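Given the structure is predicted, the values throughout are model-derived calculations rather than measurements. By convention in this document, chain letters (A, B, ...) are assigned in the order of the sequence lines, proteins followed by strands, and residues within each chain are numbered from 1.
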Protein chains: 2
Amino acid sequence: MLKELDPLLHSQLRLGVMSLLMSAESAEFVYLKEKTNSTAGNLSVQLDKLSEAGYITIEKSFNGKKPLTTCKVTKKGIKAFEEYVNTLRDYIKK
Amino acid sequence: MLKELDPLLHSQLRLGVMSLLMSAESAEFVYLKEKTNSTAGNLSVQLDKLSEAGYITIEKSFNGKKPLTTCKVTKKGIKAFEEYVNTLRDYIKK
DNA sequence: TATTTTGGTTTATTTTATAAACTACTTTAT
DNA sequence: ATAAAGTAGTTTATAAAATAAACCAAAATA
């Protein structure tokens, strides 16, 4: 029987964000927006969900006078991502 | 930039169905229902969507007196699945 | 022969994703 | 100096998707 895929990660945008964070120490809102080709609104909502779940941390600061939102994946997030990938492999391996 | 994941395949249940069909010549409704641990209603709806998209064919017949729904993946479905998997690899590789 | 089970479909509800509108501030052009 | 446009987001509304609930017809079981 196929196992369930963590619904928090099985979303194109949230998975994209996590994927980027998995290989980047930290990433800024604008960078994530560009790389995932998402709208600011959608990204904002999805980052909140990941943060709510404890998969990432969000830090708001300023870059000179502009607001700066910086995200990092947490240990919990890394674990969830790895589990998700393992589960997914059952779906996509031939 | 991350590419978009075929939304028709990026659904746990539809992906599960496709995954099973990719390695099974054909599969019956009841088998798919068990393997994916889905409800009949949800499965029925999702099979229709895959069929609408031309990713699978659905054949309705009888097994003695009981209705029997048999599904097969099409060439188009195989191609779509393979493309999906390739795109997905960019998301889940470290 | 009433009751439950099988194999589904259809419709309604909930959840999720996306888009649109808005805020607050900054930079650029006039 | 000030209007217009751009940046970096958030909030709210809408559309789409997934799921659950209700239903149907026939068959098997008690």
Original post:
Separation of Lys66(A) atom NZ from dG9(D) atom P, in whole Å?
Top reply: 10 Å

**OP:** Write down the distance between CD (Glu52(B)) and P (dT9(C)), rounded to a whole number of angstrom.
**Re:** 13 Å

Original post:
Closer than 4.0 Å, any side-chain N/O of Lys65(A) to the OP1 or OP2 of dT26(C)?
Top reply: no

**OP:** Figure out the CG/P separation between Asp48(B) and dG8(C), and round it to whole Å.
**Re:** 12 Å

Subject >> Short side-chain to backbone donor-acceptor contact, Ser44(B) and Ala40(B), under 3.5 Å >> reply: no

Original post:
Is a side-chain donor or acceptor of Arg14(B) paired with a backbone partner of Leu8(B) at a separation under 3.5 angstrom?
Top reply: yes

Original post:
With sugar-phosphate meaning primed atoms plus P, OP1 and OP2, does Thr69(B) contact a base, only sugar-phosphate, or nothing at under 4.0 Å between heavy atoms?
Top reply: sugar-phosphate

**OP:** Rounded to the nearest angstrom, tell me the gap between atom CG in Leu15(B) and atom C1' in dA17(D).
**Re:** 16 Å

Original post:
Are Leu88(B) and Leu15(A) close enough that some pair of their side-chain heavy atoms sits under 4.5 Å apart?
Top reply: yes

Report all interatomic pairs (protein N or O, nucleotide N or O of nucleotides 17-21 of chain C) with separations under 3.5 Å.
from, atom 1, to, atom 2, distance (Å)
dA17(C), OP1, Ser11(A), OG, 3.4
dA17(C), OP1, Arg14(A), NH2, 3.2
dA17(C), OP2, Arg14(A), NH1, 2.5
dA17(C), OP2, Arg14(A), NH2, 3.1
dT18(C), OP2, Asn42(A), ND2, 3.2

Show which side-chain atoms of residues 48-60 of chain B pair as donor or acceptor with protein atoms under 3.5 Å away, not counting sequence neighbours.
from, atom 1, to, atom 2, distance (Å)
Tyr55(B), OH, Asp6(B), OD2, 2.7

Subject >> Distance below 4.0 Å between Lys60(A) side-chain N/O and dT10(D) OP1 or OP2 >> reply: yes

Original post:
Just checking Leu68(B): base, sugar-phosphate only, or nothing, at a heavy-atom cut-off of under 4.0 Å?
Top reply: sugar-phosphate

Original post:
Just how far, in rounded Å, is P of dG7(C) from NZ of Lys33(B)?
Top reply: 9 Å

Original post:
Does a donor on one side chain sit under 3.5 Å from an acceptor on the other, for Asn42(A) and Gln46(A)?
Top reply: yes

**OP:** Taking all heavy atoms of Lys72(A) and all of Ser26(A), pick out the closest pair and write down the distance.
**Re:** CG-CB, 3.5 Å

Original post:
Where the side chain of Tyr91(A) meets the backbone of Lys3(A), is there a donor-acceptor pair that is under 3.5 Å apart?
Top reply: yes

Original post:
For the pair made of CG in Leu32(B) and C1' in dG7(C), what is the distance, rounded to whole Å?
Top reply: 13 Å

**OP:** Figure out the CD/P separation between Glu59(B) and dG7(C), and round it to whole Å.
**Re:** 18 Å

Original post:
Atom CD of Glu28(A) and atom P of dT7(D): how far apart are they, to the nearest Å?
Top reply: 15 Å

